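Heavy atoms only: backbone and side chains are in, while hydrogens, waters and symmetry mates are out. Given the structure is predicted, the values throughout are model-derived calculations rather than measurements.
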Amino acid sequence: MQVAVVTFDGFNELDSFIASALINRCRKDGLEAFITTPTPVVTSMNGVEVTGQRPMEFVTEADVVLIGSGVKARDVVADDRLVSRLRLDPSRQLIGSQCSGALVLARLGLLGSMPVCTDTKSRPFVEAAGVTVLDAAFHSEGNIATAGGCLASQYLATWVITRMVGEDAARDIIGYVAPVGESQETVERALRAVQAGEAALR
């Protein structure tokens with residue numbers, strides 16, 4: 001089971017690295033994440049250069065695709081050639097976005113009438129794209145999920161781990177990385193966010 005963590009130039013380190021690091025703790029269960037980039041090297045919003053582990057074309061074979069955010073998200077959705085490389089299929093893939101990554105899902109026409117979660121700075125641009133934004137950290141419908149706020153990337157990872165490996169694995173991973181003395185409450189908060197996001201429109 002392979003996860004493409006799509007990471008564009010100008011990316012937010014928290015979004016890409018938290019999700020990939022948490023998911024990669026499930027390697028023993030056969031779930032593995034890869035930083036997936038449109039160019040061999042991308043530079044974060046804070047000047048950190050990262051070599052991609054997989055090229056953008058990897059998204060077509062991945063079981064899960066997570067679209068990270070960054071300061072150049074609007075440039076990404078305006079680039080027809082770049083967008084055309086994101087050939088996603090929600091009928092067979094789990095697809096998630098983090099913060100401004102919701103703009104990419106909208107540009108790809110994957111949302112329909114689905115509302116999304118995004119960060120406060122991206123919200124007006126997402127709404128301008130005709131998408132309803134929720135005052136929530138996580139929301140999913142079927143095989144598509146969105147998360148809003150950098151630290152909500154843990155919820156996106158929890159969703160992926162739960163769907164691909166199971167809730168017990170998610171509990172183990174989130175519990176292990178939680179601040180000491182806060183394991184149980186961190187686990188319950190993450191699972192509650194995911195469950196609430198899934199149940200919101202039932």
Side-chain angles (χ1 to χ4, degrees), residues 3-20 35-39 42-48 50 56 59-60 62 64-91 93-160 193-194 196-202:
V3 181
V5 180
V6 178
T7 303
F8 300 107
D9 207 42
F11 72 95
N12 183 317
E13 301 95 331
L14 292 172
D15 296 347
S16 289
F17 294 157
I18 290 176
S20 61
I35 298 296
T36 302
T37 57
T39 54
V42 291
T43 303
S44 78
M45 60 191 293
N46 293 306
V48 179
V50 172
M56 190 63 77
V59 301
T60 62
V64 181
V65 179
L66 301 181
I67 309 292
S69 75
V71 295
K72 298 183 178 180
R74 285 184 290 161
D75 294 335
V76 169
V77 297
D79 187 333
D80 291 339
R81 287 180 59 186
L82 181 52
V83 170
S84 70
R85 297 170 70 185
L86 291 166
R87 296 176 182 173
L88 308 184
D89 182 359
S91 71
Q93 295 173 306
L94 294 185
I95 300 170
S97 71
Q98 178 68 44
C99 293
S100 62
L103 285 169
V104 179
L105 297 191
R107 175 70 170 77
L108 291 171
L110 296 174
L111 296 173
S113 61
M114 175 181 169
V116 303
C117 300
T118 190
D119 63 285
T120 54
K121 286 189 176 181
S122 299
R123 179 169 188 153
F125 303 110
V126 175
E127 290 177 332
V131 179
T132 299
V133 175
L134 301 171
D135 288 317
F138 180 86
H139 178 71
S140 69
E141 293 184 21
N143 287 345
I144 298 179
T146 60
C150 299
L151 295 182
S153 51
Q154 65 182 300
Y155 302 152
L156 202 54
T158 298
W159 176 71
V160 170
V194 170
E198 291 178 333
L201 294 183
R202 285 178 187 167

CA sep, side-chain torsions, deciding dist, call: Leu134, Val116, side chain to side chain contact (heavy atoms under 4.5 Å, CB included): CA-CA 6 Å; Leu134 301 171; Val116 303; over 6 Å; no
Residue list, side chain to side chain contact (heavy atoms under 4.5 Å, CB included) with Ala19, at least two apart or on another chain: Leu66
Minimum side-chain heavy-atom gap Arg107-Asp80 below 4.5 Å: yes
Pairing residues for Ser153 by the side chain to side chain contact (heavy atoms under 4.5 Å, CB included) criterion, not counting sequence neighbours: Ile18, Gln98
Taking every non-hydrogen atom, the tightest pair across Val59 and Val65: O-CG2, 3.7 Å
Between Asn12 and Ser69: side-chain donor-acceptor atoms closer than 3.5 Å: no
Nearest non-hydrogen partners of Thr37 and Thr39, listed with the distance: OG1-O, 2.7 Å
Heavy-atom side-chain contact between Val50 and Ser44 under 4.5 Å: no
Partner residues of Leu82 under the side chain to side chain contact (heavy atoms under 4.5 Å, CB included) criterion, sequence neighbours left out: Phe8, Pro38, Met56, Val76, Asp79, Arg85
4.5 Å side-chain heavy-atom contact, Ile35 and Ser20: yes
Thr43: side chain to side chain contact (heavy atoms under 4.5 Å, CB included) partners, not counting sequence neighbours: Asp9, Glu49
Atom pair CG/CD1 of Leu108 and Ile95 - distance to nearest 0.5 Å: 8.0 Å
Spatial distance of atom CD1 (Ile67) from atom OG1 (Thr146) [nearest 0.5 Å]: 12.5 Å
Heavy-atom closest contact (Cys99 atom, Cys150 atom, distance): SG-N, 4.0 Å
Glu127: salt bridge (charged side-chain N to carboxylate O under 4.0 Å, His left out) partners, not counting sequence neighbours: Arg123
Nearest-0.5 Å distance that lies between atom CE in Met114 and atom CD1 in Ile144: 6.0 Å
Nearest heavy atoms of Ala102 and Cys117, plus distance in Å: CB-O, 4.3 Å
Inter-residue atom distance Leu111.CG - Leu105.CG, 0.5 Å rounding: 5.0 Å
CG on Leu94 to CG on Leu156, rounded to 0.5 Å: 10.0 Å
Minimum side-chain heavy-atom gap Glu13-Met45 below 4.5 Å: yes
Ser140 (side chain) donor-acceptor with Phe138 (main chain) under 3.5 angstrom: no
Residues in ring-ring contact (aromatic ring centres under 6.0 Å, His included) contact with Phe17, at least two apart in sequence or another chain: Phe11
